[in-house]
Participant: 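Provided herewith is a single structure, encoded as structure tokens, for subsequent inquiry.
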Amino acid sequence: MSRHVLQVVGLVRRYGGLTAVDHVDLVAPPGMITGLIGPNGAGKSTLFSLLTGVEQPDEGKVVLGSTDITRMRPDIRSRRGLVQTFQVPSLFPTLTVADNLLVGAENRRRDYAGGLLGLSAQGQGRISHSAERVLERLGLAPKGPVTQIVEEVLDSLGLSDVRDTIAGTLPTGALRLVEFARALCARPDILLLDEPASGLDSEETAKLSQLLRRTAAGGVGIVIVDHDVDLVFSVVDQVYAMVGGRVVASGDPETVRNDPTVRSVYLAQAPLAAAGHSREAH
Amino acid sequence: MTSIDLALAGVSLGAITALSGIGLLVTYRTNGVLNLAQGGIATLVAYVFREMVVEWNLPIWLAAVISLAVVSPGIGLLLERLVFRPLARRRASAAESLVASLGVLVLSLGITAGIWGLGSRSDAPSIFPNSSVQLFGDTRIGADALAELVMVIVFAGVIGVIAARTAFGRQIRAVVDARQLAELSGVPADKVAAAGWAAGTTMAGLTGILLAPRFQLTPYGLTLLVLETFAVVVAARLSSMTVAVLTALGIAILQSELKQFTLHGDAGQILTVLQSNLFIVALLVLLLAVPKLRELGSGDSGATTSFSSRDAPPSGRVSGVRLRRDYLGKLGGGALLLAPLTFAPSDLRSAFMVPALALIFLSMVIVTGYSGQLSLGAAGFAGLGALLSLKLANGDLFGLPAMPGIASMFVGALLVAPIGLITGYPAIRRRGLTLALTTFAVGAVVSRFVFEQPTFATGLYLDPLTLFGWELSEKAFYVFELICLGIGLLVVRNLHQGRLGRALLALRDHSEGAAAVGVDVRNLKLLAFTVSSVIAGLGGTLLVHSSYSFSADDFAPLQSLLWFTAVVVFGADSAAGAIVAAAFMVTIDVLAPAGSSTLAIGILALALGWMPGGLASAVRGMLRLLAQYLADSFVDPNQRAPRPVPVRISAVGHLPATTGITGITGLPGIGSTLRAARAGHYARWPLSGNQDGLPAGAPRLTPFGAGLVGMVQQYAATQTAGARRRQATDPAGAPRPTLPRPAGPTPTGAGAEAHPAEGGRA
């Protein structure tokens, strides 16, 4: 399955007299990590909500693969492969970790009405829940592709131990990981991550960047919006730097890091060579 | 009458509505609570005022002063202190406050109906003389209207000045924005909140006293009138007092102006209804037209997870034990539902109401408990289902031929589906407060324009039900009702499990998060509303058949509020809770004077402040405590080796931090188990190496425990072959002091409720 590229063309969003996002162009190819940086008020968050579909742009287009998704609802975008995570981890607190992931994995089908009649969309055949439960007891439950994906993701992220834990009881670091896992289960072409490192300690952040690299290597495109310059510059393949709603610099991390505008506006007086170790940039 | 005369005639009602709106806004802007109880309080005060004037013969001015300066603010202060302050203290969601105010509404209705009965009274005294003032020429305006107008201007002006110009106004805004922060900066938050409540209820009382003489005084009627005035606060988007006052006057004058037109035929009928119901229509139209209310705070009233009766998540792993633990309860419930079959005929007839009401409650469990939407329109759907099925049975619907009774019931219920679907549409974008008011308005409009209209709701015959030519006896009808309830339960069960159940729970837990991973939020909400409306429709049909008549009062909009409160009280996401709630209400109404169930539900609703999750949650908690107590009777708590408690504050999550460290509950014998259970909980994340291993010192059974285990063993030994084999290797069959899992097969069944950590503890 070839994965889609995310393209943003001339995106504009105005709030009254303020132009929060001003003719932004952006390309996020699959298999690459794209960073989006900028000081507070630069328009990162607005751009992010335009990408996820929470807000609608005044001008411009958001294109996934060859489809114009500018006016689509968030859930439709997600089913088409543009999946997001939140600044505050947004798990379903009363479901188990496995069920959280299942919700993500089951998103491609919409025929909820079948469930009402007791038909199951899980597994390959359409059998009733009671029959399914009996089969489960006997250890004969058919493992549908959906369940397989969940198990694989649980395994690869080392979450198998908390598989049956109620998500609401997990600590923040684990919540981030489970939310990420849930997004992976939705089989994204492009993953939009809103400040994935907030609330994580340095060790967890390091693990996260490894995970991001691994995910991208698997062919998924990732877009990160984060204040954490350390994280962004350490993992991304390309960076877009925003100031005042406009993209002022873009390209590989080295280019952006040395861009004079970025140096003066965003990274302030922090010596750029040390940017990877400095937290002053916040 | 000329247009000007009609306009002036409308001024009085407009002014009273404006006063009510001002009261609502004051409470809302100072406390963040949209006081749905405004109508109930207004009615209560109006009755008290009438009692003092008519029965005690007090002078009107004295009665007015007592009602408005003592009783009304007193109610507000009491409510603030006893109900809403505890809620604010534990930062309850806006949805919980909304339910609490519904509880107050139901309670005040119950009190009024309990003391003065449900009958109507036309002798409510008026505080203004029945005279009029000449304006110009022949045009006169009533003294009352003039006085009311002056009051509106004075109150709005004074409140406006206080809010904008004084330090107190700043304090109010601070408290509403961030109560705890305000307190930290020295603002007396409680006093500000109390003042807001007192002012709000005083306005409510004033509204009641002024409205009562204009209409017949009945508990439900007057309350509904005041609820209709919510149109003006919606127009004001919950913030602008000026807009509220102008809208109130505008709608009232327009409604009065409508009186100069007469139309014939269907249009004429609609016009007649509009002439007295413009406010409720305006409420619905405004709710659909105004995209967003300026809700205070985070506007989180959409988050109804707080209604979940399973609010304390079972810690650690969820095992098959959870699936089995309810079997005993289900068996008991089923037996109870079958019990009425043995009753005398008159009692059986009373029991007819239980399955019918339970179905209606189930419909609310689907929308509120499972998908997290606030819906206050259940009575509308139920009534429509009843009416449609009756019309079908009478061959009176769209020229369709008359259908046999039972078929008409199901078809009628199914015909409600499109209406549920349409009501679901506003729910896609609206949530919380707005959705609650919208669904209420839908129910009210349906009630006024359909149920109360003679063309629709008269001349209907209720034939006895037949099945294959046999007339259903009363017992058979009850069984039929139970079958319908079973169908409803089946649908609810299917909604609650598998992929659909997960998606619905995800929607309830975090709708944005659900959308983010592709859950079709829109269609799920529509599905929930549609299914719910059909089930409510079926319940409504059964309700009509069990009371042998269609009465608009059975499906009045206020019923929705009462029913909703009952459902939340008994656990909004519990199907069993719905059935218990129905049985509870019917039982109380049969045993006690009419209206007592309202009172009881109201009292229970107010207790929600201390009992989040409703009665179902409290019962679950009690069972858990009981199970732990029993477990402690098996195992001597003092002999158990203490387990290390890894203190991970980040893992505390939903458990109260204070007990997390000490685990002492004050109840003898329980603390140790709780502590062990909690230790198990904390130890789960991150996973400690030795989870299933026994703690260092093995527990010692109490003499009682040892005896009981011995008895269980002997019983098992004589019963099962497996046990027999085990007995062969251990011929003595004596109780061993250190059984690995003594609490496993608890004979009481309550043990199955026990904490999942219990197994690892032994």
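Throughout, a chain's letter reflects where its sequence line sits, starting with A, and its residues are numbered from 1. Bear in mind that the values here come from a model prediction, so they are computed numbers and not experimental data.
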Participant: Can you tell me which portion of A:L91 sits under 4.5 Å from chain B's heavy atoms? Options are side chain, backbone, both or neither.
Facilitator: backbone
Participant: So which of A:L82, A:I190, A:V83, A:T67 actually passes side-chain contact (heavy atoms from CB on, under 4.5 Å) with A:R77?
Facilitator: A:L82
Participant: Less than 4.0 angstrom from a charged side-chain N to a carboxylate O is my criterion; do A:D194 and A:K44 meet it?
Facilitator: no
Participant: May I ask you to say whether A:R176 pairs ionically with A:E204, meaning some side-chain N is under 4.0 Å from a carboxylate O?
Facilitator: no
Participant: Strictly by modelled atom types, are A:D164 and A:T96 linked by a side-chain donor-acceptor pair under 3.5 Å?
Facilitator: no
Participant: Just give me the residue among A:V97, A:N100, A:L95 that pairs up with chain B most often, heavy atom to heavy atom, under 4.5 Å.
Facilitator: A:L95
Participant: Name the option with the most non-hydrogen atom pairs under 4.5 Å to chain B; the candidates are A:P89, A:P74, A:G53, A:S90.
Facilitator: A:S90
